[in-house]
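Reading through the structure tokens given below for one structure.
In what follows, chains carry the letters A, B, and so on, assigned in the order in which the sequence lines appear, proteins first and then strands, with residues in each chain numbered from 1. Values in this document were obtained by computation on a predicted structure and should not be read as measured data.
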Amino acid sequence: MRGEGVIRLKRTHNCGDITREDIGKEVILNGWVNDMRKLGNLIFVTLRDRSGFIQIVFDPRVSIQAHNIAKDVRKEYVLAIKGKVKERPEGTINPAYKTGELEVAAIDIEVLNTSKTPPIYVNRDNRTDEDLRLRYRYLDLRRRSMQKNLIQRHKIVQSARAYLNENSFIEVETPILTRSTPEGARDFLVPWRGKPGYCFALPQSPQLFKQLLMIGGLERYYQFARCFRDEDLRADRQLEFTQIDIEMSFVEVEDILSITEGMVKRVFKDVLNKEIDIPLNRLQYSEAMDRYGSDKPDRRYGHELIDLTDVFCNTTFKIFRNTIGSNGVIKALKVENDLAFSRSAIDDLEDAVKEVGAKGLIWMKFENNGVRSPIARFLSAAEIESMKERCSSSNGDILFIVAGDRSIVNTALGMIRGTLISKLPDPEETFDILWVLNFPFVEWDKEENRYKAEHHPFTMPNLEEFKRYKDTDPLKIGSLTYDLVINGVEMGSGSIRINTPQLQREVFELLSIKEREAEKRFGFLLEALEYGAPPHGGVAIGIDRLVMLMTGNRSIRNVTAFPKTKSGFDPLTNAPSKVSEKQLKELHIRIIE
RNA sequence: GGACCCGUGGUGGAGAUGGUUACCAUGCCGGCCUGUCACGCCGGAGGUCGCGAGUUCGAUCCUCGUCGGGUCCGCCA
């Protein structure tokens, strides 16, 4: 009998938890048929539940009835088995399973449910089309690796939560239905029946609410906050994702860094039993750019950028001379051998480099009988020699050289470094964790023709620099910001926030957010800042990415129970879907084709 | 919005520079089998080669388009 809400044989044990201690005991197990082997009169079933596997033997000498039912069992059937735990006979131990020395001799069996033949392999970890996996996600989730991913995720979240609780943080929920804040990413809008023409927005982050909680005197807040951004998806980006959102009052940068470091250390210890040395390494933003050409450097691979500017201080080569003359730099990236870079690959790199503003890409290859490069004949032997020495190059090495404005050179070589790294083998089980500090306060937005907040508009600038450069050269202003970077992935970021209305207004002004506009959008914040807003700051850590790295996955889709495809579609539920005329009418919405 | 890769029985792959019955593995169904565990052996079923158009005597293969999936750039305060 099945489907009656009654389990005749209710589980007493979990499959994976059966040990030698249980030998001789009668147990009842509930689970799925992972696979089975039917040898005439003897039937073996590997039963699976969340805890693991154990082998069930159906022997007609033990129970003819159970054996008869087992004959018709198929993969993914849901079974309840009563049987006696016993040691496997000599020579039949399977070391691949934790319970490989044991088996359960079935006395009784209840088929709790049958199953169609699954369209994807549940009992194997082979590559399957991801679209199909998502369409049958509930089957995909039965796979060992997916269960592990979600269990690890759970452990990470619980570990972080315990740490924060122990450090006097209060968990507070903030609204999912909130107001649109046009700065930043594209908003998801939610129309509401109650107010035609008006929309809620889903939060890109609880930014303003967490600041209001500080003004509200909560002092230490955290939340596992779902965030929504209507932007294109990537391997490490979904439309919705989860952050460990943290905010603290009466703190400086150091306080946030050390609380976060403590959390990272705790989580790695609890979940992976790995010791993380704290305090973590720190790089100034400018140093990260200079040495790695990236604000989220992956330092596991070395390959730092090499400054060659002074090598060419007296050069006759026009391009380099002009670069130096206009305060530019000449820098190189060394690649130990050029096997990964064909001529056409170099051409592709050059195209990419030009897109970020570089004038060109020079390559130089050291060979047994000298040097090969399009610019070799313009350089003196001494220059080539000191380049080679500066880069500690040996024969076979290739140098990629870019000359020009410092930030363009850094970005260009950083891109090449990224391409190089992607070709190198992944050092597994290694974690390069660091802080990148002091990002620029603003960047220039070419499209909108204005300065834009590099972090967000509530970030505390370096006050001295703010005063000095806000009217002359705002790009020189630094900010009290920090990014947590793990293995070249931006794992989290935060800042000290502005806590006075005067400064907040000045910053809006710099960002060309008009007084009236500011009042309209952020008036409630400006007002709140009038009432004794404490100094405060915080950080947000991307849970999905953290779990991805800690479980050795390349995509956050593997650590998200129900993710969407790259085009924002859910093949399981077929969301998003069309809605009825009636629903639209109620919302006063008409679709224009 | 752009570049690139992929789409072949349920699943994962192979395929020919356009021509017989589209190949392999696995899965599925049936039979045999009392120590299997990727069980084994025997037999069988299963395909609009993503979709559309074009070129051609003939297209799974070439061309164009389109849809779907993926990686990256733009975008992601």
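- Whole-Å rounding puts the A:M415 CE to B:A3 C1' distance at 12 Å.
- Listed pair A:R557 / B:U71 meets the phosphate criterion, a side-chain N or O lying under 4.0 Å from OP1 or OP2.
- A donor-acceptor contact closer than 3.5 angstrom links the side chains of A:N438 and A:Q284.
- With B:U71, B:U34, B:C29 as the candidates, the nucleotide lying closest to the side chain of A:R74 is B:C29.
- Between A:F439 and A:Y285, the two ring planes are tilted [angle within 30° to 60°].
- Nucleic acid contact for A:E454: sugar-phosphate only, since backbone atoms but no base atoms lie under 4.0 Å from a heavy atom of the residue.
- Base contact: A:P89 has a heavy atom under 4.0 Å from a base atom.
- B:G35 atom P lies 7 Å from atom CG of A:L42, rounded to whole Å.
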Table of protein N/O atoms under 3.5 Å from nucleotides 41-49 of chain B N/O atoms:
none

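- Distances shorter than 4.0 Å separate some side-chain N or O of A:R234 from OP1 or OP2 on B:C73.
- Nucleotide B:G10 is matched to B:U26 when pairs are restricted to Watson-Crick or G-U wobble geometry with both distances under 3.5 angstrom.
- Residue A:F569 places its side chain closer to B:G69 than to any other of B:U34, B:G69, B:G35.
- In this structure, B:A53 forms a base pair with B:U63, meeting either the Watson-Crick or the G-U wobble geometry with both donor-acceptor distances under 3.5 Å.
- Between the C1' atoms of B:G70 and B:A53, the separation comes to 27 Å (whole Å).
- Of all nucleotides present, none satisfies the Watson-Crick or G-U wobble test against B:C76 with each distance under 3.5 Å.
- Counting any heavy atom pair closer than 4.0 Å across all strands shown, A:S567 reaches sugar-phosphate atoms only and no base atom.
- No side-chain heavy atom of A:W32 sits less than 4.5 Å from a side-chain heavy atom of A:V122.
- Taking the P atom of each, B:G50 and B:G7 are spaced 8 Å apart, rounded to whole Å.
- A:I43 comes within 4.0 angstrom of no nucleic acid atom, judged by non-hydrogen atoms across all strands.
- Among the atoms of the strands shown, base atoms are found under 4.0 Å from some heavy atom of A:R229.
- For the pair A:T565 and B:G69, the criterion of a side-chain N or O lying under 4.0 Å from OP1 or OP2 is met.
- Note on A:E103: a base of the nucleic acid sits closer than 4.0 angstrom, heavy atoms only.
- A:K86 comes within 4.0 angstrom of a nucleotide base, judged by non-hydrogen atoms across all strands.
- A donor and an acceptor atom, one from each side chain of A:E454 and A:S479, are nowhere located under 3.5 Å apart.
- You'll find that the side chain of A:E355 is closest to B:C73, out of B:C73, B:G35, B:G12.
- Here the side chain of A:K566 is nearest to one of B:U71, B:U34, B:G10, namely B:U71.
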Are any protein N/O atoms closer than 3.5 Å to N/O atoms in nucleotides 38-40 of chain B? If there are, list each pair with its distance.
unit_1, atom_1, unit_2, atom_2, d
B:C39, N4, A:K38, O, 3.1

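- A:H456 has its ring centre less than 6.0 Å from the ring centre of A:F458.
- Residue-level contact check: A:D232 touches the bases, meaning some heavy atom is under 4.0 Å from a base atom.
- Between A:K452 and B:C76 there is a side-chain N or O to OP1 or OP2 distance below 4.0 Å.
- Nucleotide B:U20 has no partner under the Watson-Crick or G-U criteria, as no pair reaches both atom distances under 3.5 Å.
- When rounded to the nearest whole Å, the span between CG of A:D59 and C1' of B:C33 equals 14 Å.
- The side chain to side chain contact (heavy atoms under 4.5 Å, CB included) check on A:E240 picks up A:R226, A:F228, A:K564, with sequence neighbours excluded.
- No hydrogens or angles considered: a donor-acceptor pair under 3.5 Å links the side chains of A:S495 and A:R497.
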